[in-house]
Enquirer: 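Here's a structure for you.
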Amino acid sequence: MKILLVDAYSAAHVGNAALLECSLDVLRETFPGATFEVLAKDPGALEEFCGCPCHSYLFPDLLSPERRSRIGALTWIAKNLAWAAVDALNLGLGLGVSPLSYSFDERRREAVRALLEADLVVGIGGEMLNARFRRVTPFLLHGYWTAKRLGKRVVLFPQSIGPLGNGWFMRLSRLALRDCDLVMPRDELSALETQRLGLSAGQVLRVPDVAVLQRQASREKAIELLRAEGWPGPGEGPVLGVAVCAEAREAFAGLRGLCEYVVLERSGQLVFLCANHPEDCVAAGELFSSLSDAARARSVLLSKCYRPGEFKAITGLFDVFVSTRMHAAILATMSPVPTIAINTQPKVRGYMELAGQGERCLELAEANEVRLRGMFENCLAHNE
């Protein structure tokens, strides 16, 4: 049996790396002896990470707008829309022509070959079925539709779905997903959106994000990694871990107050992690640089984005963790450590509520120093 995972992203993003690693673990356990290939934005790095052949997306460079000038973007759109139109005509009318015959880009040919050889196609996009990504998601939807027209089983692993709106994007999503064999929303809002898509009860299974199954590195390995970054080890006070993203800048003042409190009033330590390289590393650096000299002296700013199992093990060394990223919160709560989540996207609250920790999720406007300090003390007092 051959299984093709599509919509993978990059090893530099701990959430997407966890989605791939955990999805492979689940599928390998379910289908022992199966072989795997992956379609990804960054196939080179992910191939080394996951140990199976990785290729570019069916629409190469789909999520790489930074590589294109304005003219280059128009050329890319024209070229790929032309391929999609020919593919839709061929498969929609049942002409029986192999998609390889009109796939001239070598990277697309590799993706098409992997698709033709697959018995099962599994989407692990995480959150791409969302109107916010309507400029790129139609190309992913075309891939699901193509797979079904080629007679493949198509399953969308746990992900956030919607909002899809009520216009053309919803209609296109309904067309592409109506024949999927199984769609797995990972929160209540996503489950409701599958009803709007018209999917039957037999096509939908609500399942938590697969990252709850993430394998964890040893405590010894986590200590080794932190000591290599200059961490002196636990002291007399609590250790607070912090993972922030640029979308959470509204909460930086409150987070700065919490960090100063932990160090100056609780004799604690701070460790800043990066869940997404390089964007989150920049955001963490901004927050770290804004601290007083005394707070920075008892802080460690980690220099890279660690593998999911390492990230999870590192969070297990903390007394409390604060996260603005969903998968960072998943890995921390499963490590386990009391986690305060700041809701930069609805999926963050969706996960925390699913985990029974909704009361520890703050909206951005609520994440002031007073609320954060109170929640921090609550986490220390009720860490069961």
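Keep in mind that what you see is a predicted model, and the values were worked out from it rather than measured.
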Enquirer: Please answer whether the main-chain N or O of Asp179 pairs with a side-chain N or O of Trp145 as donor and acceptor at a distance below 3.5 Å.
Expert: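 Side chain of Trp145 to backbone of Asp179: no pair is present.
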Enquirer: Can you label the angle between the Tyr102 ring and the Trp83 ring as parallel, tilted or perpendicular, going by 30° and 60°?
Expert: tilted
Enquirer: Run through Thr194, Ile161, Val155 and flag the one making a side chain to side chain contact (heavy atoms under 4.5 Å, CB included) with Met184.
Expert: Val155
Enquirer: Quick test of your reading: applying salt bridge (Lys or Arg N to Asp or Glu O under 4.0 Å), list the pairs with at least one residue in residues 320-336, sequence neighbours left out, ordered by first then second residue.
Expert: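 Non-adjacent pairs meeting salt bridge (Lys or Arg N to Asp or Glu O under 4.0 Å): Asp280-Arg325.
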Enquirer: Strictly by modelled atom types, are Tyr351 and Asp209 linked by a side-chain donor-acceptor pair under 3.5 Å?
Expert: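 No pair is found: no donor N or O on one side chain lies under 3.5 Å from an acceptor on the other.
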Enquirer: Which atom names give the shortest non-hydrogen contact between Cys22 and Val210, and what distance separates them?
Expert: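 Here Cys22 and Val210 meet closest at CB-O, 3.4 Å.
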Enquirer: Starting from the C-alpha separation in whole Å, work towards a yes-or-no answer on salt bridge (charged side-chain N to carboxylate O under 4.0 Å, His left out) for Glu193 and Arg196.
Expert: CA-CA 5 Å; Glu193 203 74 341; Arg196 294 184 62 233; 2.9 Å; yes
Enquirer: Could you tell me whether Glu21 and Arg307 have a side-chain N and a carboxylate O separated by less than 4.0 Å?
Expert: no
Enquirer: So does Ser292 get a backbone contact from the side chain of Glu260, meaning a donor-acceptor N/O pair under 3.5 Å?
Expert: yes
Enquirer: At their closest point, which heavy atom of Met1 faces which heavy atom of Asp119, and how far apart are they?
Expert: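 Heavy atoms only, the tightest pair is CA-OD2, 3.4 Å.
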Enquirer: Looking at Glu229 and Lys304, is there a salt bridge between them, counting it only when a charged N and a carboxylate O are closer than 4.0 Å?
Expert: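 No, no charged N to carboxylate O under 4.0 Å.
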Enquirer: Test your reading of the model: is there a side-chain donor-acceptor pair from Arg174 to the backbone of Gly198, 3.5 Å cut-off?
Expert: no
Enquirer: Who else is in the cluster with Leu317 when I, L, V, M, F, W and Y are joined by side-chain contacts under 4.5 Å?
Expert: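 Besides Leu317, the hydrophobic cluster comprises Val14, Ile223, Leu225, Leu226, Trp231, Val239, Val271, Leu273, Val300, Leu302, Tyr306, Phe311, Ile314, Phe318, Phe321, Leu331, Val337, listed by chain and residue number.
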Enquirer: Would you say CZ of Arg153 has more than 12 non-hydrogen atoms from neighbouring residues, nucleotides or ligands within 6.0 angstrom?
Expert: no
Enquirer: Any donor and acceptor pair, going by atom type alone, linking the side chain of Asn343 with main-chain N or O of Leu362 inside 3.5 Å?
Expert: no
Enquirer: For Asn90 and Arg149, which I'm curious about, is there any donor-acceptor pair between the side chains at under 3.5 Å?
Expert: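 Checked: Asn90/Arg149 side chains show no N/O donor-acceptor pair below 3.5 Å.
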Enquirer: Say whether, by atom type as modelled, one donor and one acceptor occur between the side chain of Gln203 and the main chain of Val183 under 3.5 angstrom.
Expert: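 Absent.
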Enquirer: For atom CD of Glu29, is the number of surrounding heavy atoms from other residues, nucleotides or ligands below 6.0 Å larger than 12?
Expert: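 Result for CD/Glu29: open.
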Enquirer: Tell me whether Glu188 at atom CD has more than 12 heavy atoms from other residues, nucleotides or ligands lying less than 6.0 Å away.
Expert: no
Enquirer: Give me the atom names and distance for the closest heavy-atom approach of Asp7 to Gly123.
Expert: OD2-CA, 4.1 Å
Enquirer: Pairing donors with acceptors under 3.5 angstrom, does anything connect the side chains of Gln345 and Glu127?
Expert: yes
Enquirer: Are Phe272 and Leu291 packed together at the side-chain level, in the sense that at least one heavy-atom pair is separated by less than 4.5 angstrom?
Expert: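 SC-SC contact between Phe272 and Leu291 confirmed.
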Enquirer: Please give me the minimum heavy-atom distance between Ile340 and Met375, naming the atom from each residue.
Expert: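 The answer is CG2-SD, 3.5 Å.
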Enquirer: State whether the side chain of Arg186 and the backbone N or O of Pro208 hold a donor-acceptor pair below 3.5 Å, judged by distance alone.
Expert: no
Enquirer: Please indicate whether Glu48 has more than 12 foreign heavy atoms, meaning atoms of other residues, nucleotides or ligands, lying under 6.0 Å from its CD.
Expert: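 No.
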Enquirer: Please find the pair of heavy atoms, one from Val263 and one from Ala294, that lie closest to each other, and give the distance.
Expert: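 Nearest heavy atoms, Val263 then Ala294: CG1-O, 3.9 Å.
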Enquirer: Arg349 and Asp187: salt bridge (charged side-chain N to carboxylate O under 4.0 Å, His left out), yes or no, with the steps?
Expert: CA-CA 9 Å; Arg349 178 170 292 281; Asp187 53 60; over 6 Å; no
Enquirer: Linking I/L/V/M/F/W/Y whenever any side-chain heavy atoms sit under 4.5 Å apart, do Tyr57 and Leu91 land together?
Expert: yes
Enquirer: Taking 4.0 angstrom as the limit, do Glu110 and Arg113 come out as a salt bridge?
Expert: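 Looking at Arg113 together with Glu110, the answer is yes, because their closest N to O distance falls below 4.0 Å.
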Enquirer: Verify whether one side chain among Ser190 and Gln159 offers a donor that lies under 3.5 Å from an acceptor in the other.
Expert: no
Enquirer: Checking side chain to side chain contact (heavy atoms under 4.5 Å, CB included) against Ser23, which of Leu213, Val122, Ile124 comes through?
Expert: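 Only one of Leu213, Val122, Ile124 forms a side chain to side chain contact (heavy atoms under 4.5 Å, CB included) with Ser23, namely Ile124.
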Enquirer: Before accepting this row, confirm whether a basic side-chain N of the pair Arg266/Glu377 lies closer than 4.0 Å to the acidic partner's carboxylate O.
Expert: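 Answer for the salt bridge query: yes.
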Enquirer: Search all heavy atoms of Thr333 against all heavy atoms of Met352 and return the closest pair with its distance.
Expert: CG2-SD, 4.5 Å
